Amino acid sequence: MSLSKETITRALRGVPAVGAGGDLVGAGVLKWVAVCETYVSVKLLMPAGATPGDLAQVTSMTRAAIESAARDEGSRLDSIIIEFVNDAGDVIRTARFGAPVNEARAQGPAGAMGGSGGSGGSGASDMGHRPIGGLADTRPVGHASGQTRAPTPQGAAPAMPSIRNIIAVGAGKGGVGKSTIALNLAVGLARRGAAVGLMDGDIYGPSLPTLLGLGAMEPIVVDGKLQPFLVHGVKSMTIGKLVDPDKPLIWRGPMAHGAFKQLAEQTNWGELDYLIIDLPPGTGDVALTMAQMLKLSGAVVVCTPQKVAQDDAVRAAKMFQQLGIEVLGVVENMSYFIGDDGKEYDIFGKGGAEFMAQRLNVPFLGAVPLTMGLRKNSDDGNPTANFAGGAITRAFEELISRVEGQLNLTAMKKGQRPTLTIS
Ligand code: ADP
């Protein structure tokens with residue numbers, strides 16, 4: 001039997017909320033619980049004025065309560081992540097116990113994690129637990145300990161001096177809303193005053209002609225270069241406008257390479273702050289071509305909450321890392337449904353992608369709900385309408401801010417000056 005959210009929540013009713021009075025659940029300190037098979041993750045509100053000792057105490061009691069619940073149920077438990085968040089939901093400290101995803105899982109019965117704790121994590125500080133064997137390696141996937149990193153295709157890619165940031169948007173599978181996220185990221189950045197290009201690198205199934213509402217517009221060539229379409233404040237180019245729209249797009253490897261290269265190099269992008277690239281779904285040739293020919297600032301992985309989507313998204317994230325591309329984070333699209341009545345319906349199991357991001361130790365960039373309005377604006381080719389206010393606008397604005405934040409962090413890590421963002 002596997003653990004459930006309910007079991008974990010019940011167990012945490014027995015943990016006193018240090019500094020807040022009462023228990024973690026009753027005092028509203030428990031903000032989030034996610035369980036995925038044998039992995040458990042909780043978020044706790046950071047108590048005001050908590051000392052490191054208080055946090056260590058809450059952490060160890062929370063861990064003990066979860067382990068004891070697993071033992072009582074006879075459920076296997078491989079990993080616990082305990083995060084302390086502030087009122088805005090930003091993670092302040094993280095403690096991890098057990099093996100991260102894709103590590104060899106601990107063998108043995110429930111509670112096998114006992115005595116093999118560790119801590120650390122994204123921007124987190126050690127909370128004083130013993131680092132013993134079985135400690136989670138909390139570094140990003142693909143950066144295993146002691147490995148000398150092989151040269152990646154990205155390592156030799158030339159920078160494009162006229163384009164400050166190139167961001168790829170990928171997904172493990174089709175239909176999860178990758179193009180929708182790429183498009184709204186582009187439009188939202190442009191609305192903040194940036195010069196933005198959007199390249200439809202999904203050469204097998206280009207959807208930007210519809211999503212951007214390009215209609216009957218025809219591509220124009222000037223001095224041997226394609227002039228990008230300028231709509232919704234964004235310069236865009238798509239293979240969908242260069243081929244017969246009703247013909248199947250069957251590309252052999254070298255042709256796919258050539259098609260992508262042409263779109264990137266033979267479009268007159270001019271000076272850009274951002275070039276957003278909508279990649280084909282999966283882990284194929286085009287991503288490799290891109291990594292070899294363009295120096296990327298990073299990649300965004302789009303995923304829906306379901307377990308099957310997460311498995312594919314893990315592969316996509318690992319592909320970027322193997323290519324030497326920084327994963328800026330994971331977005332959960334179609335996270336939950338907002339009906340016309342304004343109510344939220346958790347159809348697919350909200351939080352799955354956030355949990356996956358935690359397990360991969362990459363940032364979570366936000367959740368975008370499934371709404372009729374977004375579907376309609378996409379079909380109508382009117383993304384600007386997604387920024388007229390409401391839940392979708394908030395979701396996209398938050399996503400864009402987090403992407404900007406991650407870009408700045410990445411730039412600082414590489415020793416570049418961060419961009420000052422005023423919004
Ligand atoms: P992908 O690029 O992953 O194949 P698309 O972005 O083309 O997926 O999205 C597939 C369909 O789902 C489109 O019709 C799009 O408008 C719709 N869609 C995507 N995300 C949402 C959402 N959050 N709410 C409503 N419709 C959505």
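Sequential numbering from 1 along the given sequence is applied to the chain's residues. Both counts, for ligands and for their atoms, begin at 1 and track the order of listing. Keep in mind it's a predicted model, so treat the numbers as computed, not measured.
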Note: ligand 1 atoms sitting under 4.0 Å from heavy atoms of T371 are 24 (N), 25 (C)
Can you tell me the protein heavy atom closest to atom 9 (O) of ligand 1 and the distance? T180 OG1, 3.6 Å
Pick from E354, Q358, R96, E83: which one makes a side-chain hydrogen bond (donor to acceptor under 3.5 Å, both in side chains) with S41? Q358
Is atom 11 (C) of ligand 1 less than 4.0 angstrom from some protein heavy atom? no
Check ion pair E397-R192 (N to O, under 4.0 angstrom): yes
Protein contact to atom 4 (O) of ligand 1 [nearest heavy atom, distance to 0.1 Å]: G175 N, 2.8 Å
What is the closest protein heavy atom to atom 14 (O) of ligand 1, and at what distance does it sit? D379 OD1, 4.0 Å
Salt bridge or not between E398 and R402? Use side-chain N to carboxylate O under 4.0 Å. yes
Nearest non-hydrogen partners of D278 and S179, listed with the distance: OD2-OG, 2.7 Å
Side chain or backbone, does G174 bring an N or O within less than 3.5 Å of an N or O on ligand 1? no
Where is the nearest protein heavy atom to atom 8 (O) of ligand 1: which residue, which atom, and how far? G177 N, 3.1 Å
If you measure every N/O of L374 against every N/O of ligand 1, is any gap under 3.5 Å? no
Heavy-atom proximity to atom 18 (N) of ligand 1, picking from M334, M372, R375, points to M334
Assess whether side chain to side chain donor-acceptor pair (under 3.5 Å) is satisfied between T180 and S378, documenting all intermediate values. CA-CA 7 Å; T180 304; S378 303; 4.6 Å; no
If I apply the N/O under 3.5 Å rule, does N333 come out as touching ligand 1? yes
Between K235 and G270 the two heavy atoms that sit nearest each other are NZ-CA, 4.1 Å
Distance-only N or O hit between ligand 1 and V176, under 3.5 Å: yes
Could you tell me whether K376 and D379 have a side-chain N and a carboxylate O separated by less than 4.0 Å? no
Could you tell me whether D340 atom CG has more than 12 heavy atoms of other residues or ligands within 6.0 Å of it? no
Under 4.0 Å from a heavy atom of S378: give me the atoms of ligand 1 that qualify, with their elements. 16 (O)
Within a distance under 4.0 Å of any heavy atom of K178, pick out the atoms of ligand 1 and give their elements. 1 (P), 2 (O), 3 (O), 6 (O), 8 (O)
For P369, atoms of ligand 1 separated by under 4.0 Å from a heavy atom: 22 (C), 23 (N), 24 (N)
Which label fits F337 and Y345: parallel for a plane angle under 30°, tilted from 30 to 60°, or perpendicular past 60°? tilted
